[in-house]
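Everything on this sheet refers to the single structure shown next.
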Amino acid sequence: MTGVKASLQRAVARALRGMGVDEPPEIDVQETPADKPGDYGTPVAFQLARVLRKAPPRIAAELAERIEPPEGVRKIETAGGYVNFFLDPAYLMQAALEPPEPAPKQGGKVLVEHTSVNPNKELHVGHLRNVALGDAIARILDYAGRKVEVLNYIDDTGRQSAESLFALEHYGLRYGGGKKYDHWVGEAYVRLHREMEDEAAKARLEPAIRAVLHRLEAGELRGEIEKLLAAQLETMWSLNAEYDVLVWESDLVREGLLQQALELLEATPYVSRPSGGKYAGALVMDTSAFIEGMEDPYLVLLRSDGTATYTAKDIAFQFWKMGLLSGLRFRPFTRQPSGRELYTSHPEGEPMPFGNAQETINVIDVRQSYPQQVLKAALEAVGRHDLAEGAYHLAYETVLLEGRPLSGRKGHTVSVDEVLEEAVRRARAVIAEKNPELAEADAVARTVGIGAVRFAMVKTEPKKQIDFRWDQALSFEGDAAPYLQYAHARAASILRKAAAEGLGDEPDLARATPYEVELAKALLRFPEAVQKSAELKTPHVLAQYLLDLAAAWNAYYNAKEDGRPATPVLTAPEGLRGLRLALVRQLKQTMATGLALLGIGAPEAM
RNA sequence: GCGCCCGUAGCUCAGUUGGAUAGAGCGUCGGCCUCCGGAGCCGAAGGCCACAGGUUCGAAUCCUGUCGGGCGCACCA
């Protein structure tokens, strides 16, 4: 809610109190439709019709009479039951020219976990959505005033990693450079799976894979995992995603956090060791009190052979995130491209204040909804309803590739590295065609190509399945990042020219025309869009807003009257020119800020 | 079978704590660079918002049911 709308709301609330409505409903102030009178309006009279036992138009009329116009309001009118406000254009200009600023920090940390890919092969397009969503929502929450910690979980004791490392050993492979390390390992993994399609071969190899798994659990192969991780991190960084801390599954187990979690759970009435039946000898949790509609509400934490399930480790991890357990130690891992330090859990580290959040966001695809519910159930089981409420699963639907589900085994997949390379290549080609003189063309092509890919991942609602199609994801027209970047570059170009000509006249706010008013209203929606994005925990709200903003700017830029430009900036009369320059500057900065919140760069020229 | 999610223009999607005539992009058709960047803009055609009931002054939005589609229901991760 912008300052403009908020002040209108307050004025309405005051007037309502004067009419004897002490507890007014939520007062909805919205922009009036294009061909309705006024700038902003409210339908609050409709809501009050029942309470006041009067027809909405009469209530609206009385309201219009009673409202004491706040600063900037020059007229109040009714239309049917609506109360509409006419704002002083100069006032709107002034409000719209306030530079966008991050909200002040509020207490309470929110911990965002995303990426968390198995360290066993290269990232594919399915992971792309996870990284793009997680990174964007972390940036948005930070801007909206939250303390944010970004965490990437390293499942180094998983079967997939064991298989990859085993495959290298099994085929006697030695890395000789050439292709990226994670891709090279991934090939061995795929080769192993082809071999294991034969049941006999699978059975024969099983003990050796097990052995690797045990060595992983003992932390003996950490160096091998780190090599894979380093290669994967290059991909994430090239996407413009960075993290605060890595947490290794093996550390979670070694430092006794799994044990602590199980002890907490065992002390509750929900966890037991059945002596007979299906779960004889296992440690199980009864989730029926917390998860409805389960045919079999029992969840295995420890198998009857004493090994822990992945879910049990995940519970321990969630408990650690929310401060119920401690004992992890950390040390610096590496410095990331922006200069931000990346820490990692490590047996030889020292205690550091990571975790201990009241709120978590786990970015994981929708197929994991049940295990995510189990995490909440475990928090409920130990009596922490408050923390269960704070545990949010940012569930996103899966990504199709050209209309078909991804499948590593059938080879129906594309790596993130490949996608980026192609995106940048296409961007470079467009630049060569449209702007062959452009300086730093390669760097700009990267910004544009990567931006296109990331935007394609966040512009739709997470719960909708998306289909990755090369032509759409890498489109440089229409509903896409390059459209936004182009709008930004166009503004930058005008400002460059103005600076070159030494134009610096003072804005004369009173000279605003309806064209400026339209653009100003679009700019004023920025804080609301960020706020809503943060509240709903989805970047698509912001992404859609930026498309609107760019459209408003392009429409302004191209406005014509009688075939002549209606809104020239550089050649406008003094005062009006200053105002237009200020708006262009504001547009440019707002667009760049918004793009940055999506992890997308805004080139000065393209 | 049980549970969760989805169904809006030919296609891909916004719009849902209920508000004024349901909006974009792509595609189709027609316009706009002696003017600050045409990766842009303006216009046209295209909708029983899956269907049927209900609640309400008001429903794409909330409730119930039906029909389509996706996903989940392992001592896997």
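Residue numbering restarts at 1 for every chain, and letters A, B, ... go by the order of the sequence lines.
- Using a 4.0 Å cut-off on heavy atoms, the residues of residues 486-493 of chain A that approach RNA chain B are A:Tyr486, A:Ala489, A:Arg490, A:Ser493, listed by number.
- No option in A:Leu406, A:Ile466, A:Leu400 other than A:Leu406 meets the side chain to side chain contact (heavy atoms under 4.5 Å, CB included) test with A:Val125.
- Applying the salt bridge (charged side-chain N to carboxylate O under 4.0 Å, His left out) test to pairs two or more places apart or on separate chains, those with a residue in residues 426-437 of chain A are A:Glu422-A:Arg426, A:Arg426-A:Asp471, A:Arg428-A:Asp442.
- Partners of A:Ala566 according to the side-chain contact (heavy atoms from CB on, under 4.5 Å) rule, which considers only residues two or more places apart in sequence or in another chain, are A:Tyr515, A:Ala559, A:Glu561.
- Within the structure, side chain to side chain donor-acceptor pair (under 3.5 Å) contacts touching residues 446-457 of chain A (residues at least two apart or in different chains) are A:Asp135-A:Arg454.
- Syn is the glycosidic conformation of B:C33, whose angle stays within 90° of 0.
- For the OP1/OP2 pair of B:C13 and a distance below 4.0 Å, the side-chain nitrogens and oxygens of A:His540 include no atom meeting the criterion.
- Every side-chain contact (heavy atoms from CB on, under 4.5 Å) that A:Pro573 has, sequence neighbours left out, goes to A:Arg511, A:Leu576.
- Here the two rings, on A:Phe86 and A:Tyr40, have centers that are 6.0 Å apart or farther.
- Contacts of A:Lys278 with the nucleic acid, taken as non-hydrogen atoms under 4.0 Å apart, include base atoms.
- Using a 4.0 Å heavy-atom distance criterion, A:Ser304 is classed as a base contact.
- The residue A:Arg159 sits apart from the nucleic acid: no heavy atom pair falls under 4.0 Å.
- For the side-chain contact (heavy atoms from CB on, under 4.5 Å) test, residues two or more places apart in sequence or in another chain that qualify with A:Thr307 are A:Arg303, A:Asp305.
- A:Leu302 comes within 4.0 angstrom of nothing in the nucleic acid, heavy atoms only.
- Salt bridge absent: A:Arg404 and A:Glu402 never bring a charged side-chain N and a carboxylate O closer than 4.0 Å.
- Residue A:Gly41 is in base contact, counting any heavy-atom pair closer than 4.0 Å across all strands shown.
- Using a 4.0 Å heavy-atom distance criterion, A:Gln485 is classed as making no nucleic acid contact.
- Within 4.0 Å of A:Tyr483, counting heavy atoms only, lie sugar-phosphate atoms of the nucleic acid but no base atom.
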For RNA chain B, what string of dots and brackets results from 5' to 3' when Watson-Crick and G-U pairs need both distances under 3.5 Å, crossing pairs get [ ], and pairs with another strand get |? (((((((..((((.....[...)))).(((((.......))))).....(((((..]....))))))))))))....
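- The residue A:Ala559 sits apart from the nucleic acid: no heavy atom pair falls under 4.0 Å.
- Here A:Ser116 pairs with A:Glu113 under the side chain to side chain donor-acceptor pair (under 3.5 Å) rule; sequence neighbours left out.
- Across all strands shown, A:Asp155 has heavy atoms under 4.0 Å from sugar-phosphate atoms exclusively, and none from any base.
- With sequence neighbours excluded, the residues forming a side-chain contact (heavy atoms from CB on, under 4.5 Å) with A:Lys588 are A:His488, A:Ala491, A:Ala492, A:Leu495, A:Glu604, listed by chain and number.
- Where A:Glu604 and A:Thr32 meet RNA chain B, the nucleotide closest to each residue was compared, and A:Thr32 sits on the side nearer the 5' end.
- Near-neighbour residues of RNA chain B inside residues 43-60 of chain A, defined by a heavy atom below 4.0 Å, number-ordered: A:Pro43, A:Phe46, A:Gln47, A:Arg50.
- For A:Lys464, no side-chain nitrogen or oxygen approaches OP1 or OP2 of B:C71 to under 4.0 Å.
- For A:Phe46 and A:Tyr82, the ring centers sit closer than 6.0 Å to each other.
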Going 5' to 3' through nucleotides 23-34 of chain B, assign each nucleotide B (protein heavy atom under 4.0 Å from a base atom), S (under 4.0 Å only from sugar-phosphate atoms) or - (no protein heavy atom that close). -BS------S--
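- Pairs passing the side chain to side chain donor-acceptor pair (under 3.5 Å) check and including a residue from residues 566-579 of chain A, sequence neighbours excluded, read A:Asp505-A:Arg577.
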